[in-house]
Protein chains: 2
Amino acid sequence: MEHELEQLTIQEVAELSGLSAHTLRYYERIGLLRPIGRAANGHRRYSQVDVSLVIFLTYLRATGMPLRQMRAYVQYLEDGPESIQQRLSMLEEHRRTVQAHMAELQRNMAAIEKKIALYQELLESTPTT
Amino acid sequence: MEHELEQLTIQEVAELSGLSAHTLRYYERIGLLRPIGRAANGHRRYSQVDVSLVIFLTYLRATGMPLRQMRAYVQYLEDGPESIQQRLSMLEEHRRTVQAHMAELQRNMAAIEKKIALYQELLESTPTT
DNA sequence: ATACACCTTCGAGTATGCTCTAAGTCAAGC
DNA sequence: GCTTGACTTAGAGCATACTCGAAGGTGTAT
């Protein structure tokens with residue numbers, strides 16, 4: 001079983017990316033990944049470029065970017081170097097979104113912490129033992 | 001239109017909480033809020049306690065707690081003071097979850113920032129003008 | 001009395017993102 | 001030759017959390 005040119009199977013990419021093979025096929029189906037190359041027997045063979053993209057997509061996904069928007073990014077990628085400004089803008093916009101989201105998490109968490117502190121006080125003033 | 005004992009209508013609670021009236025009814029339907037008191041005409045009247053709970057629930061929700069788990073928390077609330085330890089444990093566990101989530105957001109965002117930096121360099125070395 | 005706003009219930013529909021199943025192909029090992 | 005395992009497709013199913021629509025009741029204003 002030779003890996004000519006470092007082509008990886010779907011299972012290998014699944015392990016590398018943390019996505020399931022199902023999800024990798026799904027991403028391809030919805031146009032998030034352009035059609036992946038095939039071995040003689042019809043099995044997918046992921047190139048290093050494919051794998052890098054998949055992994056980068058997991059970063060976008062893990063920071064809450066919707067698949068729809070990820071697809072737009074991939075579309076820009078396929079447009080080549082002309083779209084670098086657009087890609088940059090997208091990622092910068094996404095960064096603002098993520099930062100706002102984290103700020104909101106912290107705001108809401110602070111409110112929850114107050115309840116935690118309240119419960120702790122209640123338990124200290126009325127100990128179980 | 002008197003507000004005896006500061007009972008609020010569903011619209012007022014919707015505005016206060018940021019949830020829609022639809023969502024408030026939905027929350028009641030799935031047992032996240034126990035049956036809300038009614039005016040003579042059958043309309044819901046939210047007490048101050050109800051409103052405080054709704055607002056606290058929005059904090060849990062905004063930090064990613066699933067409705068299922070929020071329902072468990074509300075269940076503990078209804079068990080009264082005996083459940084304070086359990087409620088505290090739940091909230092502390094949730095805090096750990098949220099902190100882990102924020103750490104992951106930052107880890108992934110850092111990877112995206114590298115791409116942003118790369119694109120910025122590319123644009124500087126090959127300016128549009 | 002009639003319009004209007006606001007509420008009610010119940011059930012269905014929507015959006016997102018997977019996740020799984022069924023039926024089939026193919027290559028390698030026993 | 002036959003089993004095993006990894007792969008393929010197309011399409012269905014599922015989990016979560018809403019979100020909406022239809023049909024109807026009620027209270028106030030004109």
Side-chain angles (χ1 to χ4, degrees), chain A residues 1-4 7-47 50 54 57-74 94 97 101 104 108, chain B residues 1-4 7-47 50 54 57-74 94 97 101 104 108:
Chain A
M1 191 196 281
E2 285 258 352
H3 266 324
E4 295 184 45
Q7 304 260 296
L8 301 188
T9 68
I10 196 167
Q11 264 317 315
E12 289 165 334
V13 178
E15 275 151 36
L16 274 175
S17 66
L19 300 173
S20 70
H22 279 308
T23 300
L24 284 168
R25 289 192 207 98
Y26 169 68
Y27 278 9
E28 191 177 337
R29 217 178 349 166
I30 65 172
L32 198 46
L33 301 173
R34 98 203 80 171
I36 300 295
R38 302 302 176 115
N41 60 10
H43 292 191
R44 288 174 179 78
R45 287 294 178 270
Y46 290 78
S47 72
D50 293 332
V54 167
L57 290 181
T58 67
Y59 300 149
L60 296 179
R61 194 71 203 86
T63 48
M65 185 183 283
L67 298 185
R68 186 175 299 275
Q69 203 176 331
M70 286 163 64
R71 191 162 43 189
Y73 178 81
V74 169
H94 180 57
T97 302
H101 179 220
E104 217 204 301
N108 286 283
Chain B
M1 192 196 284
E2 286 258 351
H3 266 324
E4 297 185 41
Q7 302 259 297
L8 302 188
T9 69
I10 196 165
Q11 265 316 317
E12 290 167 333
V13 178
E15 274 152 36
L16 274 176
S17 67
L19 299 174
S20 70
H22 278 307
T23 299
L24 283 168
R25 291 192 206 99
Y26 169 68
Y27 277 10
E28 192 177 337
R29 216 179 349 167
I30 65 171
L32 198 47
L33 301 173
R34 96 203 85 172
I36 299 295
R38 300 302 175 116
N41 61 8
H43 291 191
R44 288 176 179 77
R45 288 292 177 271
Y46 291 77
S47 72
D50 292 334
V54 167
L57 290 181
T58 67
Y59 300 149
L60 296 180
R61 193 71 206 87
T63 48
M65 186 184 283
L67 297 186
R68 186 175 297 277
Q69 202 176 331
M70 288 163 62
R71 191 161 45 189
Y73 178 80
V74 169
H94 179 57
T97 302
H101 179 218
E104 218 205 300
N108 285 283

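Throughout, a chain's letter reflects where its sequence line sits, starting with A, and its residues are numbered from 1. Note that this is a predicted model, so its numbers are computed, not measured.
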Polar side-chain atom of E28(A) near backbone of R34(A) as donor-acceptor pair, under 3.5 Å = no
inquiry  = Within a 6.0 Å radius of atom CZ on R38(B), are there more than 12 heavy atoms belonging to other residues, nucleotides or ligands?
reply    = yes
query = Is the phosphate of dT19(D), meaning OP1 or OP2, less than 4.0 Å from a side-chain N or O of R29(B)?
reply = no
query = When you check the phosphate oxygens OP1 and OP2 of dC7(D), does a side-chain N or O of T9(A) lie under 4.0 Å from one of them?
reply = yes
ask   = OP1, OP2 of dA17(D) versus side-chain N and O of R61(B): anything below 4.0 Å?
value = yes
note = Out of dT19(D), dG17(C), dC7(C), minimum distance to the side chain of P66(A) belongs to dG17(C)
remark   = By nearest-nucleotide position on DNA chain D, the 5'-leaning member of A40(B) and M65(B) is M65(B)
message = Is the phosphate of dC18(D) approached by Y27(B) (side-chain N or O, under 4.0 Å from OP1 or OP2)?
response = yes
query = Which nucleotide sits closest to the side chain of N41(B): dG17(C), dT26(D), dT8(D)?
reply = dT26(D)
inquiry  = So, does R25(B) get its side chain near the phosphate of dT8(C), meaning an N or O under 4.0 Å from OP1 or OP2?
reply    = yes
ask   = OP1 or OP2 of dT16(C) sitting under 4.0 Å from any side-chain N/O of R68(A)?
value = yes
request  = Using a cut-off of strictly less than 4.0 Å, decide whether R44(A) has a side-chain nitrogen or oxygen near OP1 or OP2 of dT9(D).
outcome  = yes
Any donor-acceptor N/O pair, R71(B) side chain to I30(B) backbone, under 3.5 Å = yes
remark   = Of the listed dC18(D), dC18(C), dT8(C), the closest approach to the Y26(A) side chain comes from dC18(C)
ask   = What is the nucleic acid contact for I10(B), judged by heavy atoms within less than 4.0 Å: base, sugar-phosphate only, or nothing?
value = sugar-phosphate
ask   = Without hydrogens or angle criteria, can the side chains of H94(A) and T63(A) be said to hold a donor-acceptor pair below 3.5 Å?
value = yes
task = Would you indicate which nucleotide in dG21(D), dT19(C), dT8(C) comes nearest to any side-chain atom of H43(B)?
result = dT8(C)
